[in-house]
Number of protein chains: 2
Amino acid sequence: MWKENLDSISIDCVIFGFDETGLKILLIKRAGEPQKGKWALPGGFVQTNEDLDSSAKRILKELTGLSNIYLDQLYTFGEVDRYPLRRVISIAYYALVKIRDYNLKASANAKEAIWHPIDQAPKLVFDHNKILNNGIEKLRNNVRFHPIGFELLPKKFTLSQLQQLYEAILDKALDKRNFRKKILSMDLLINLNESQQGVAHRAAKLYQFDKNKYKELKARGFNFEI
Amino acid sequence: MWKENLDSISIDCVIFGFDETGLKILLIKRAGEPQKGKWALPGGFVQTNEDLDSSAKRILKELTGLSNIYLDQLYTFGEVDRYPLRRVISIAYYALVKIRDYNLKASANAKEAIWHPIDQAPKLVFDHNKILNNGIEKLRNNVRFHPIGFELLPKKFTLSQLQQLYEAILDKALDKRNFRKKILSMDLLINLNESQQGVAHRAAKLYQFDKNKYKELKARGFNFEI
DNA sequence: TCAAAAGTGTTTGCAATACACCCATGC
DNA sequence: GCATGGGTGTATTGCAAACACTTTTGA
């Protein structure tokens, strides 16, 4: 198997996750020079025989052990001096991960990968803070028009969890009744007729995202704006 | 002056223009192999000492003679086999050109550059049709939320021209009264108190885009949706 | 019985839409 | 005077926003 790298083309990934405490970003401590031990976006070099999307997929798999992650190209950063040793152009991707599926032990590198609250990201190497901000902005824009939020939630979720997610991403409070009205009217959720277990209050109903319905509506040009 | 190229990184430009007959795209006939003489998006290789944006700017300047063109990065295409001779990754940009400013004679290459109606683009080399479609889609999305249409019109324009432009980009008819109401209510146009000359009907008023007002409103988070 | 979150409708205001006629100009 | 596009207002509808109380459950 070929593993030769294009050493002037890298991929960097802005990996988002979400849990009870808010929106998170997955960062690593660099294993090699330059800037060894400093916080960075997960990334790597593109191999000679792989497409860019495949490369991003591979890097994510190596880091998190997960396949089938939502992945989208973000922007390409190519300033002459962005990387100190030589000229490296980086194609940034952003990924949405169901944080509960992600298992730290799955990966060799993982001990050095940590979820950081989105608003407490440390200083990153090179131009990675710029890339991160670009990713946050894109997530904010996209979530308003495409139902991608579901990629960050467990398969079964409550309407409150969904609302908390939107509030975290958009960074503003939403009205509960209006939010539910809007979401349910899109007819994209399957009511599972199940309830939460073991909560110290009225148990919420669980829902699931209806992918088939989504495809169908999308094909008809339906507008998913929140 | 350095002119060495990164021979695995190219820039391709989707260049839009607009005139009385509709929305146009600027295409060239390839001057060199491979696929010499075939239609292609204008492009070139990134030089070792230039940023990606600068490279796109240079390529546009060489082709059209114009500086100060609206330019935005589109997407990066990096399939292993997209270019036949070797692996070349292409960063696509899209540009909006005031077609009347563009002077064919300004450029050495220009004799081989021709504006094509957007819906009559020929078959292009490599993956350029894919890039073109990507550009059209992005233009459609962006024009609805950012006042970029003005980049395609002469400095002074009539409301009808503006409407025709939007209709061409969005590919649908708009109601004249509602369109005017909406546009004028945004308060982004300066009424020049001048009129068209030499038309065989009532002369229309001329307007100009108010860049300062735009910056001001943008800073306040104003929504420019059409 | 208390705490904590789930769940539920109605009213109000604004913005999008639909729609038709008179006006100015050049030929 | 006629053909051509310029310019204008109102009524209706639908959607977004604001808003508060009852229900369920576990501790």
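Chain naming here is simple, since letters A, B, ... match the order of the sequence lines and numbering starts at 1 in each. No experiment lies behind these values; they were computed from the predicted model shown.
OP1 or OP2 of D:dT8 has not a single side-chain nitrogen or oxygen of B:Lys176 nearer than 4.0 Å. Side-chain N/O atoms of B:Lys182 include one lying less than 4.0 angstrom from OP1 or OP2 on C:dA16. For the pair B:Arg180 and D:dG7, the criterion of a side-chain N or O lying under 4.0 Å from OP1 or OP2 is met. Contact between the side-chain N/O atoms of B:Ser160 and the OP1/OP2 oxygens of D:dG6 is found at a separation under 4.0 Å.
Residue B:Ala200 is the one, among B:Ala200 and B:Leu206, whose nearest nucleotide of DNA chain D lies closer to the 5' end (criterion: closest heavy atom). Each of A:Leu159 and A:Lys181 was assigned the nucleotide of DNA chain C with the nearest heavy atom; the assignment lying further toward the 5' end belongs to A:Leu159.
The two residues B:Asn129 and B:Pro122 come nearest to each other via the heavy atoms ND2-O, 3.4 Å.
Atom pair B:Arg177:CZ and D:dG6:C1' shows a separation of 13 Å (rounding to whole Å applied). Note: CG (B:Asp175) to P (D:dT10) measures 16 Å, nearest angstrom. The distance between atom NE2 of B:His201 and atom P of D:dG1, rounded to the nearest whole Å, is 21 Å. Remark: P of D:dT8 and CZ of B:Phe179 are 15 Å apart, rounded to the nearest angstrom. Atom-to-atom, CG of B:Asn223 to P of C:dA15 comes out at 11 Å; the value is rounded to the nearest Å. To the nearest angstrom, C1' of D:dG6 lies 10 Å from OH of B:Tyr207. Spacing between atom CG of B:Leu189 and atom C1' of D:dG7 amounts to 15 Å, rounded to whole angstrom units. Summarising the geometry, the separation between CZ on A:Arg202 and C1' on D:dT25 is reported as 9 Å, rounded to the nearest angstrom.
Residue A:Asn178 has its side chain nearest to D:dC19 when only C:dA6, D:dG9, D:dC19 are considered. For A:Ala204, the side-chain atoms get nearest to C:dG7 when compared with the rest of C:dT17, C:dC23, C:dG7.
Ring geometry for B:Phe209 against B:Tyr214 counts as tilted: the plane angle lies between 30° and 60°, on a 0 to 90° scale. Using cut-offs of 30° and 60° on the angle between ring planes, the pair A:Tyr94 and A:Phe16 is perpendicular.
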Next on the checklist: Apply salt bridge (charged side-chain N to carboxylate O under 4.0 Å, His left out) to residues B:Glu194 and B:Lys205 and explain how you reach the verdict.
Outcome noted: CA-CA 6 Å; B:Glu194 292 177 54; B:Lys205 284 183 197 158; over 6 Å; no
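The residues A:Arg82 and A:Asp12 are annotated as salt-bridged, a charged nitrogen and a carboxylate oxygen being separated by less than 4.0 angstrom.
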